[in-house]
Every structure is written in C-alpha cells, then in structure tokens.
Amino acid sequence: MDAKAMYKISYGLYVVTAKEGEKDNGCITNTVTQVTSSPNRITVAINKQNYTHDMIVKTGQFNVSILSEQATFPTFEHWGYQSGRDVDKARGIMFKRSENGLIYLTEEANAYLSAKVVSMTDLGTHTLFLADVTDGEVLSQDESATYSFYQKHIKGKPAAPKGVKKGFICTICGYIYEGDTLPADFVCPICKHPATDFVPWTPDEN
C-alpha cells in the first residue's frame, strides 16, 4: 500500500483543552469531526498516551480551539511536542475561559467549541470521544488551517541526521528514525506519536 494516499484525506488542526482540578492542559489533534447537526455532536480521537486523554476521561469535558492559517510553528511545538505531565501548558499563552471553566486560545484560532462527552469508544491506541457541543464562538475570519497547509507552510522540513540513508519519518513532527524496520511499539521521542504515524523515508524524499 502507498501510505501517502492517506495524506489526501482533508484534516483540520485543533488544540483540544481539558481541566482537572486546578490543572489546565491541552494537545494538538487533527481528528475533530462534526458527526450530527441535530443534536449538534462532534467526535475527537485522542491518543491514550496524552495527558489530555486522561483528563477528558475523568471529567467528561473538553474545549476545541480551531487553529487558523495564522498559527505558527511554536504553537504546534508548545501544544504537541511536550507533555502536560511535565510542564504547565497554560503558562505563557493568551487564553480565555468558556462557561465550562476550560481554557481556549484567543490567538491563532478562528473559533472555539465547548463539548460534553456522551460516550467513549476504545480504538486501541486512541479513545474516540463522542460529545455534545454546548457552546462556541467565532473569534476571527481567518481561514482554518488544514493539515496540508501545515505541511506546506508552517512546518519546516526536517534535517536528516548525518549518514542516514534509509529510515522512517514521523508525519507529525518530522523526526527521522534510522533503520530498515520500525518497531511496532516505537514512540516518537519528539511528539510522542506512535509507529502508525511514521512512513518510509529516504534522503531524496526530503
């Protein structure tokens, strides 16, 4: 199979935030989808390794900040390349709180949604959350950033480690793993995504 065929599916990019006790947290995802309009419901799939995943499981609530084409790479690094278990992701960013008490981005996002979980489905590496949309607001008229736009205009091309002739590249952050085979349980050391988010890579593809 040509794994690059999956790149042709259109995705948006989002910061999904949650709150447990006094702790705010969030992560980057491209899996938010509206599934019904009456009732107004969305789904989001979150990797079980993400701290945000555990917070949503426990609290049953989350917010979605819809990233615009004005989003910068440091925003993706902040929300996607470090764990909320180790850092305070709400520190140093501009945000407001919606009526549910959760934060949402006020910069680089064109809208936000608040959601209350209706059901959870185990997908193996991820959990699929089905949720009612309880609130939302348009923040700007900027176009929403697609995954394709991110790849072409926001994310820089990865630099290959010296001497690497063949390997696998993380489609999320560009980390390159050297070797002929990628372990099934491998986790990207940069963005913490699993082996399923890697594709074969050679230097002439960079």
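Residue numbers start at 1 and run along the sequence shown. Everything quoted here is computed from the prediction, not taken from an experiment. Excluded from the calculations below are hydrogen atoms, water molecules and symmetry mates; all remaining heavy atoms, backbone and side chain alike, are included.
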Any Tyr14 side-chain heavy atom under 4.5 Å of Ile66 side chain: yes
Ring centres of Tyr177 and Phe198 under 6.0 Å apart? no
Where the side chain of Lys89 meets the backbone of Trp79, is there a donor-acceptor pair that is under 3.5 Å apart? yes
Over 12 non-hydrogen atoms of neighbours within 6.0 angstrom of NZ in Lys58: no
dist Thr75:OG1 -> His78:NE2 (nearest 0.5 Å) comes out at 8.0 Å
Looking at His126, is its backbone amide N or carbonyl O close enough to the side chain of His53 to form a donor-acceptor pair, meaning the two atoms are under 3.5 Å apart? no
Give, for atom CG of Asn40 and atom CG of Leu113, the distance between the pair rounded to the nearest 0.5 Å. 8.0 Å
Closest approach of Gly80 to Ile28 (non-hydrogen atoms, all atoms of both residues): N-CG1, 3.8 Å
Working for ring pair (Phe, Tyr, Trp, His ring centres under 6.0 Å), residues Tyr104 and Tyr112: CA-CA 7 Å; Tyr104 64 90; Tyr112 85 88; 3.8 Å; yes
Would you indicate whether the side-chain heavy atoms of Ile169 and Ile176 approach each other to under 4.5 Å? yes
Applying a strict under-4.5 Å side-chain criterion to I, L, V, M, F, W and Y, I'd like to know whether Leu67 and Ile9 cluster together. yes
Flag yes if Ile46 and Met55 sit in one hydrophobic cluster, no otherwise; membership is Ile, Leu, Val, Met, Phe, Trp, Tyr, and two members link when side-chain heavy atoms are under 4.5 Å apart. no
Going by distance alone, is a donor N or O of one side chain under 3.5 Å from an acceptor N or O of the other, for Thr72 and Glu108? yes
For the residue pair Ile42 and Val44, establish whether any side-chain heavy-atom pair is separated by less than 4.5 Å. no
Scan side-chain atoms only and decide if Thr29 and Thr31 contain a donor-acceptor pair under the 3.5 Å cut-off. yes
Cut-off 3.5 Å, side chains only: do Asn110 and Ser144 have a donor facing an acceptor? yes
Take a 6.0 Å sphere around NZ of Lys48 and say whether it holds more than 12 heavy atoms from other residues, nucleotides or ligands. yes
Taking atom types as modelled, is there a side-chain donor on Asn100 or Thr134 under 3.5 Å from an acceptor on the other? no
Is the backbone of Gly84 close enough, under 3.5 Å, to the side chain of Lys23 for a donor and an acceptor to pair up by distance? yes
Can you find a heavy atom in the side chain of Asn47 that is under 4.5 Å from one in the side chain of Pro194? yes
Does Arg85 have more than 12 heavy atoms from other residues, nucleotides or ligands lying within 6.0 Å of its CZ? yes
Got a second to check how far Asn63's CG is from Phe95's CZ, nearest 0.5 Å? 12.0 Å
